[in-house]
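For the numbers below, each heavy atom of this structure counts, side chains included, while hydrogens, waters and symmetry mates do not. Every value quoted in this text rests on a predicted model; they were computed, and no experiment measured them. Numbered from 1 within each chain, the chains take letters A, B, ... in sequence-line order.
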Amino acid sequence: MYRIVKKRVLNPTVTMMEIEAPIVARKAEPGQFIILRVDENGERIPLTIAAYDREAGTVSIIYQIVGATTEKLNHKEEGEYIQDFVGPLGRATETEGLKRVAVVGGGVGTAIAYPVAKKLHDEGCHVDLIVGFRNKDLIILKEEFEAASTNLIIGTDDGSYGKKALVTELLQEQIDAGAKYDRVIAIGPVIMMKFVCELTKKYNIPTVVSMNPIMIDGTGMCGGCRLTVGGETKFACVDGPEFDGHQVDFDEAMSRGAMYRDFELHAREETCNLFKQEVK
Amino acid sequence: MPNMSLKKNPMPHQDPVVRAGNFQEVALGYTKEQAIDEAQRCLHCKNMPCVSGCPVMIHIPEFIAKVAEGDFEAAYQIIAQDSALPAVCGRVCPQETQCESKCVRGIKGEPVGIGRLERFVADWHNANATEKAVAPAPNGHKVAVIGSGPSGLTCAGDLARKGYEVTVFEALHLAGGVLVYGIPEFRLPKSIVQKEVDGLKELGVKIETNVVIGRSITIDELMEEMGFEAVFIGSGAGLPMFMHIPGENLKGVYSANEFLTRINLMKAYREGADTPIMDLKGKKVAVVGGGNVAMDAARCSKRLGAEVYVIYRRSEAELPARREEVEHAKEEGIIFKTLTNPVEILGYHNPDDRRDPKNGSVCGIKCVEMELGEPDASGRRRPIVKEGSEFDMEMDCVIMSLGTSPNPLIKSTTKGLEINKKGGIIVNEDGLTSREHVYAGGDAVTGAATVILAMGAGKTAAKAIDEQLKNK
């Protein structure tokens, strides 16, 4: 069992949890992920590592409530325990030798972009951190982002904060203004990563994306997390989760990601009803 | 006077029609009377050919003699000297190609039902024995075992019985490896695996779940920082293989590993499970491959309500699965399309509605007919495509059961660990790898094989580790 040391609501649907998991904290690096199960009957879900504290032996995760499992997780409070927490899994982000990087994040993906930006920034790289949200109320981790970037650019879909623009438009502006990037790292919804890659391809900027497909074991056994990269089948759990964005078949990834959408919607509704009954 | 009946006592089974709709165990096991009657068929040959057919060399005629006398606990103690997992092996070992294939009674008639007797004895012990195993006095040596599948559990058990302080590291949340994520409940009830694991804990074995060796902790750290004097790698088979044909990443294409893990480990077949699996009621499923894993996937699909086809490129005689599994599958209504090979998985695409949720889902499979040519390197006749034989079958789900390739995690994080060109860890006859004090066995070495071979490897390594450490 793994104790929830801290729970911090970042916006109405996004929450950060710090979990006591010394074995994971010892080795965790930006770009890697964990797999957790909330309870005995729980499914295994992968979540990217948002932060870690090796001395305290804790690992932070940030999740958006999208399905039954994240709903259940969100009902856990500080001091309570979750059933299973395993990692770090996948390969760490490669940051060596990078001088100027645009880290592009969208929605809850910005939370995952944060440790990558921080590492690059700590290593002396010039980091343009471009993050996009639907509106002002959904903006998360603003102070952390500021501390982890040379230049923080926030955009919203409705213009309620920063510029009314998509992250691709914000990135385009930087490129137009003469920014020369060694690499773009895009983390967020698959559709966002797809369009970022379409843009950077035009300028031949090497682009890395972090894929978050459906997964079960996460250790290279089930093959559920496969995707097509450069015409070859790759496994996000051991070959990734980061891949050359110009090679990834995003349409396939989106289609595969929707495999259990009906089940998810139904399961979440049921879980919500269950919690409502408990409250009564 | 031995029982000279030419036939084995038949194994009582759940009715095929009934069992195709549930996940309860198919084979029900012998009664006491049946076991004693079957045990009396053994001729107690002096040279014991059966023992030479057993990868862990169980003293077969001795335990059978005790069964014939009705002393089942004594029979169990004899098996337990050599096998850490008798209730498992009695169910899933391919006895027909091992011990029973050497049985003299098999020359004229059927061999003694050794596997069925082993199962009976183990089940009897589990149901009736009251004495708990006692952890022996510690000998002061620490050994790490990676993976809690059949090879790891065997190695851990053998060492623990000799007083070693053994820690088993398991990547998943539950111990048992393939016994819990791969082999279905109806062939091997999970309560039996749990009993075997609990037995090891009573012997003092520590089991650390949720630890991925190679990621959470490396082998070097186990030895240099954590004080383990030897390591046994029993990390099992790795990533599933695919055919590299179009359509393999459509929605509704599973690897057998994923499909079985969802069902067996995550219990997706149960009402109210958090882990989803495709709703297969009234749907058509094609399982590609002909091994035991393919049979497990096919029979699980059947139990989820599907019409199931097994597609295999050679003829029925070459099916690598155990005969018994093929027979069981047929009884349950699974349709075998042998001498057939898929060339493409067909996907649904609605040109008028890009948002149609069915887009990108499996809707069929394109196959070719095969015929058998000259024998190939494996000695089996090579399947050749029949020209112009292409045909389509409607399908909703395709399960690829083509074997696995070794997991790259441990080899990529352990310096000096040599692997062969197929990715398996190279070991000598003692199970020793190219790294000092590091041993390996099971599928991580051989590629996908059987439970009992993995157990044999765990046993061999335990013996070698003991020889090496006891005099230190």
Quick one: which of B:L260, B:T209, B:V212, B:L265 has the most heavy-atom pairs under 4.5 Å with chain A, could you say?
-> B:V212

Bottom line for B:I217: the part with an atom under 4.5 Å from chain A's heavy atoms is both

Within a strict 4.5 Å, meaning less than it, do heavy atoms of the B:H173 and A:I35 side chains meet?
-> no

Taking atom NZ of A:K118 as the centre, does the number of heavy atoms from other residues, nucleotides or ligands within less than 6.0 Å exceed 12?
-> no

Check: B:N249/A:R256 side-chain N/O donor and acceptor closer than 3.5 Å | no

Go through B:T404, B:I277, B:V211, B:D279 and name the one with the most non-hydrogen pairs under 4.5 angstrom from chain A.
-> B:I277

Would you say B:S255's side chain and A:C222's backbone share a donor-acceptor pair under 3.5 angstrom?
-> yes

Could you give the distance from CZ (B:F169) to CD1 (A:I23), rounded to the nearest 0.5 Å?
-> 7.5 Å

Side chain from CB out, backbone as N, CA, C, O: work out which of these in B:Y181 comes under 4.5 Å of a heavy atom of chain A, or both, or neither.
-> side chain

Hey, mind stepping through B:T218 and A:K27 against side chain to side chain contact (heavy atoms under 4.5 Å, CB included) and telling me if it holds?
-> CA-CA 10 Å; B:T218 64; A:K27 283 287 179 67; 3.8 Å; yes

Non-hydrogen atoms of B:P276 and A:Y260 that approach each other most closely | CB-CD2, 3.4 Å

To the nearest 0.5 angstrom, please state how far the CG atom of B:L174 sits from the CG atom of A:D84.
-> 9.0 Å

Do you know the tightest heavy-atom contact between A:P88 and B:S216?
-> CD-CA, 4.1 Å

Heavy-atom pair of closest approach, residues A:R91 and B:R215 | CG-NH2, 3.9 Å

Is the CD atom of A:E40 crowded by more than 12 outside heavy atoms at less than 6.0 Å?
-> no

For B:E258, the salt bridge (Lys or Arg N to Asp or Glu O under 4.0 Å) test, sequence neighbours excluded, returns B:R262

So does A:R134 have more than 12 non-hydrogen atoms from other groups sitting under 6.0 Å from CZ?
-> no

When every non-hydrogen atom of B:G272 is compared with those of A:N41, the smallest separation belongs to O-ND2, 3.1 Å

Rounding to 0.5 Å, atoms CG (B:D274) and CZ (A:R37) come to a distance of 9.0 Å

Specify which of B:R270, B:H244, B:E221 makes the most heavy-atom pairs with chain A at under 4.5 Å.
-> B:E221

What closest approach, in Å, do B:Y254 and A:R226 show between heavy atoms, and which atom pair accounts for it?
-> N-NH2, 4.4 Å

Check the surroundings of atom CD in A:E94: do more than 12 heavy atoms from other residues, nucleotides or ligands lie under 6.0 Å from it?
-> no

Contact origin within B:E170 toward chain A - heavy atom pairs under 4.5 Å = neither

Turns out that what part of B:M400 lies under 4.5 Å from chain A's heavy atoms comes down to neither

Heavy atoms, side chains only, cut-off 4.5 Å: are A:E252 and B:L250 in contact?
-> no

Less than 4.5 Å apart, any side-chain heavy atom of A:R44 and any of B:M266?
-> yes

Mind checking the CG-CE spacing from B:N210 to A:M1? Nearest 0.5 Å is all I need.
-> 11.5 Å

For A:S255 and B:G360, the nearest pair of non-hydrogen atoms, with its separation, is OG-CA, 4.0 Å

Interface check, chain A: of B:T261, B:L409, B:N257, most non-hydrogen pairs under 4.5 Å belong to B:N257

